[in-house]
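One structure is given here, and the rest of the page talks about it.
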Amino acid sequence: MRVLEDDLFPSTPGKVKIERAGTMNRQLHRCFASTSTMFLWALFLVAMTASYLSFQSFVDTSSKYFAASWGGLHWERQIRASAAPRRPPGSADGAGMSVLVTGAAGFVGTHCSLALRKRGDGVVGIDNFNAYYDPSLKKARKALLSSHGVFVVEGDINDGRLLAKLFDVVPFTHVLHLAAQAGVRYAMENPASYVHSNIAGLVTLLEACKDADPQPAIVWASSSSVYGLNDKVPFSERDRTDQPASLYAATKKAGEEITHTYNHIYGLSITGLRFFTVYGPWGRPDMAYFSFTRNILQGKPITVYRGKDHVDLARDFTYIDDIVKGCLGSLDTAGKSTGTGGKKRGPAAYRIFNLGNTSPVTVPNLVSILEKHLRVKAKKNVVEMPGNGDVPFTHANISLAREQLGYKPTTNLDVGLKKFVKWYLSYYGYTRGSKNFRQ
Ligand SMILES: O=C(O)[C@H]1O[C@H](OP(=O)(O)OP(=O)(O)OC[C@H]2O[C@@H](n3ccc(=O)[nH]c3=O)[C@H](O)[C@@H]2O)[C@H](O)[C@@H](O)[C@@H]1O
């Protein structure tokens, strides 16, 4: 109390100087005292920050290893159970296969996994549930798979440790590789995601496959988009594919070259499937038939692209059940991989097939069919096709797949879209007139 008063109010004017000097001393002293206090506080704060940061990095690192959504005895038991074939003993088509399906919670992945499971093959799925489109649809597909005894691991094909672990737990006979960054036009928005999934992810997967013992046979999804600016119709596997029109197409084409390398060096059996605009129930919301349906029902306009000189765009739209038959046919006829321990022991099959419908339909016709099944007129904005990677038309020649896989598409666009619309209305809970959507 005294010090405080002294400092603030000198007792006699004559002593001001002396007192001031004394005060200054005290102030200096206090100043030094407060500087050292500040220094101590600063030191304390630095120490706190450092320990916080190192704790954070420990949390980050440890979460990679300890909080991963995979691993452990229970997890391994689930994987083994899901991978075990359950074909009836003595069935004509052998013991059944164990298939690792990548992108299992995707559109084609879900349908193929279910079909394999239903005929008694073992299936384990892997999917990263990314947010390219509504992940709740992917979760719903996962729940559907789970109700049929198919286990889906939440993980990324770029995670080499996870893949190695999966091959450690199960000697998969086949890999059906469908995980990819899909979509032609989105490649201009997010090019890196295509490199990440379709190039880096593919290589990580192939590395795991070539290291696996036994090596699995691989069937994977390429795309009709590899034909790019090819204008010779219908597209045959022998046609040129060196003029991609989008980065998406370029990454799929790169995938064909990369898989060839792994076939050549390591003896991996490879089948690449060029899918032609696949559609159907549980489909992808980013695709035109799906987003058109949503907009038409909500009374919103749709944008219909048109080619140069007012030519309509056309696609060889292929129904999902036909694609599933092509995928299973490819798995059934895939020759074995020949390598072991990362070493090739002999030549292995390298195949590429078109899986299309062989009857292209124009986009305005697609819209008319949807209008018919939805019983709602579309509000159409017709605009010239922007230069965003689209190609004017696709048309598959499927003679190779017919010969070697017994592939024969049976569903036309009218029938297929009717089935899609039925699924769409049941899934999103639309009751006609009430516009009661759940999206
Ligand atoms: O088969 C393939 O290779 C590809 O098929 C589809 O790609 P795409 O044929 O472009 O399918 P959609 O995006 O559904 O487009 C279909 C047609 O509708 C047109 N479209 C699309 C969107 C739109 O708003 N308006 C419109 O007229 C497109 O130009 C195209 O002609 C898939 O999205 C790709 O992942 C796949 O690899």
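Whatever order the structure lists ligands and atoms in, that order sets their numbers, starting from 1. No hydrogens, no waters, no symmetry mates; every other heavy atom, side chains included, goes into these values. This one's a predicted model, so the numbers in the text were calculated from it and none came from an experiment.
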**Prompt:** Is ligand 1 less than 4.0 angstrom away from at least one heavy atom of Phe292?
**Reply:** yes
**Minimum heavy-atom distance between Phe107 and Trp282, given as atom pair plus value** = CD1-O, 3.2 Å
**Six-ring centre of Phe235, Arg274 cation under 6.0 angstrom, axis tolerance 45°** = no
**Complete:** Closest heavy-atom pair, Leu163 versus Ile157, reported as atoms and distance to 0.1 Å, is CD1-O, 3.4 Å
**Asked** Quick one: do the His373 and Asp414 side chains pair a donor with an acceptor below 3.5 Å?
**Response** yes
**Item:** For ligand 1, the portion of Thr277 having any non-hydrogen atom under 4.0 Å away
**Value:** both
**Request:** Report the member of Tyr186, Tyr289, Tyr248 with the shortest heavy-atom distance to atom 36 (C) of ligand 1.
**Result:** Tyr248
**Prompt:** Can you list the ligand 1 atoms lying under 4.0 Å from a non-hydrogen atom of Val184?
**Reply:** 7 (O), 10 (O)
**Request:** Please name the pair of heavy atoms, one in Thr293 and one in Leu370, separated by the smallest distance, quoted to 0.1 Å.
**Result:** OG1-CD2, 3.5 Å
**Asked** How does Arg185 reach ligand 1, by side chain, by backbone, by both or by neither, if only non-hydrogen atoms under 4.0 Å count?
**Response** side chain
**Message:** Need the ligand 1 atom indices (1-based, order shown) with element for anything under 4.0 Å from a heavy-atom of Asp390.
**Reply:** 10 (O), 28 (C), 29 (O)
**Test applied, side-chain hydrogen bond (donor to acceptor under 3.5 Å, both in side chains); reference residue, Asn128; option that passes from Asn158, Thr102, Asp156** = Asp156
**Item:** Closest protein heavy atom (residue, atom, distance) for atom 3 (O) of ligand 1
**Value:** Ser223 OG, 2.5 Å
**Request:** Please identify which atoms of ligand 1 are closer than 4.0 Å to at least one heavy atom of Ser224.
**Result:** 1 (O), 2 (C), 3 (O)
**Request:** Quick one: sort the Tyr248 and Tyr194 rings into parallel, tilted or perpendicular, breaks at 30° and 60°.
**Result:** perpendicular
**Prompt:** Do Phe393 and Val311 have side-chain heavy atoms sitting under 4.5 Å apart?
**Reply:** no
**Message:** Is there a polar contact, in the sense of an N or O pair closer than 3.5 Å, between Val391 and ligand 1?
**Reply:** no
**Asked** Which residue from Gln181, Arg315, Arg306, Met385 reaches closest to atom 9 (O) of ligand 1 through any of its heavy atoms?
**Response** Arg315
**Prompt:** Could an N or O of ligand 1 be found under 3.5 Å from any N or O of Gly183, whether backbone or side chain?
**Reply:** yes
**Complete:** For Ala182, the atoms of ligand 1 under 4.0 Å from one of its heavy atoms are 35 (O)
**Asked** For atom 14 (O) of ligand 1, which protein heavy atom lies nearest, and how many Å away is it?
**Response** Ala288 N, 2.8 Å
**Request:** Check ligand 1 against Ser225 and write out every atom of the ligand that is under 4.0 Å from a heavy-atom position of the residue.
**Result:** 3 (O)
**Message:** Please tell me whether Arg351 and Thr271 have a donor and an acceptor in their side chains that are separated by less than 3.5 angstrom.
**Reply:** yes
**Message:** Whether Lys138 engages the ring of Tyr133 as a cation-pi pair (distance to the six-membered ring centre under 6.0 angstrom, angle to the ring normal within 45°) should be assessed.
**Reply:** yes
**Complete:** At under 4.0 Å between heavy atoms, what of Arg284 touches ligand 1? The answer is side chain
**Enumerated ligand 1 atoms positioned under 4.0 Å from heavy atoms of Leu313** = 29 (O), 31 (O)
**Fill in**
From the list Phe420, Phe317, Tyr424, side chain to side chain contact (heavy atoms under 4.5 Å, CB included) with Tyr289 holds only for Phe420
**Request:** Could you tell me which atoms of ligand 1, counted from 1 in the order shown, lie closer than 4.0 angstrom to a heavy atom of Thr303?
**Result:** 23 (C), 24 (O), 25 (N), 26 (C), 27 (O)
**Item:** ligand 1-proximal atoms of Met287, by part, heavy-atom distance under 4.0 Å
**Value:** both
**Asked** If you count the atoms of ligand 1 from 1 in the order shown, which ones are under 4.0 Å from a heavy atom of Val304?
**Response** 27 (O)
**Asked** When you look for heavy atoms under 4.0 Å from ligand 1, do you find them on the side chain of Tyr305, its backbone, both, or neither?
**Response** both
**Message:** For atom 17 (C) of ligand 1, what's the nearest protein heavy-atom neighbour? Residue, atom name and distance, please.
**Reply:** Val363 CG2, 3.8 Å
**Item:** Residue portion contacting ligand 1 (non-hydrogen atoms closer than 4.0 Å) for Tyr279
**Value:** neither
**Request:** Check whether the side chains of Tyr132 and Asp286 place a donor and an acceptor atom closer than 3.5 Å, and report yes or no.
**Result:** yes
**Request:** For the residue pair Thr362 and Asp312, confirm or rule out a side-chain donor-acceptor distance under 3.5 Å.
**Result:** no
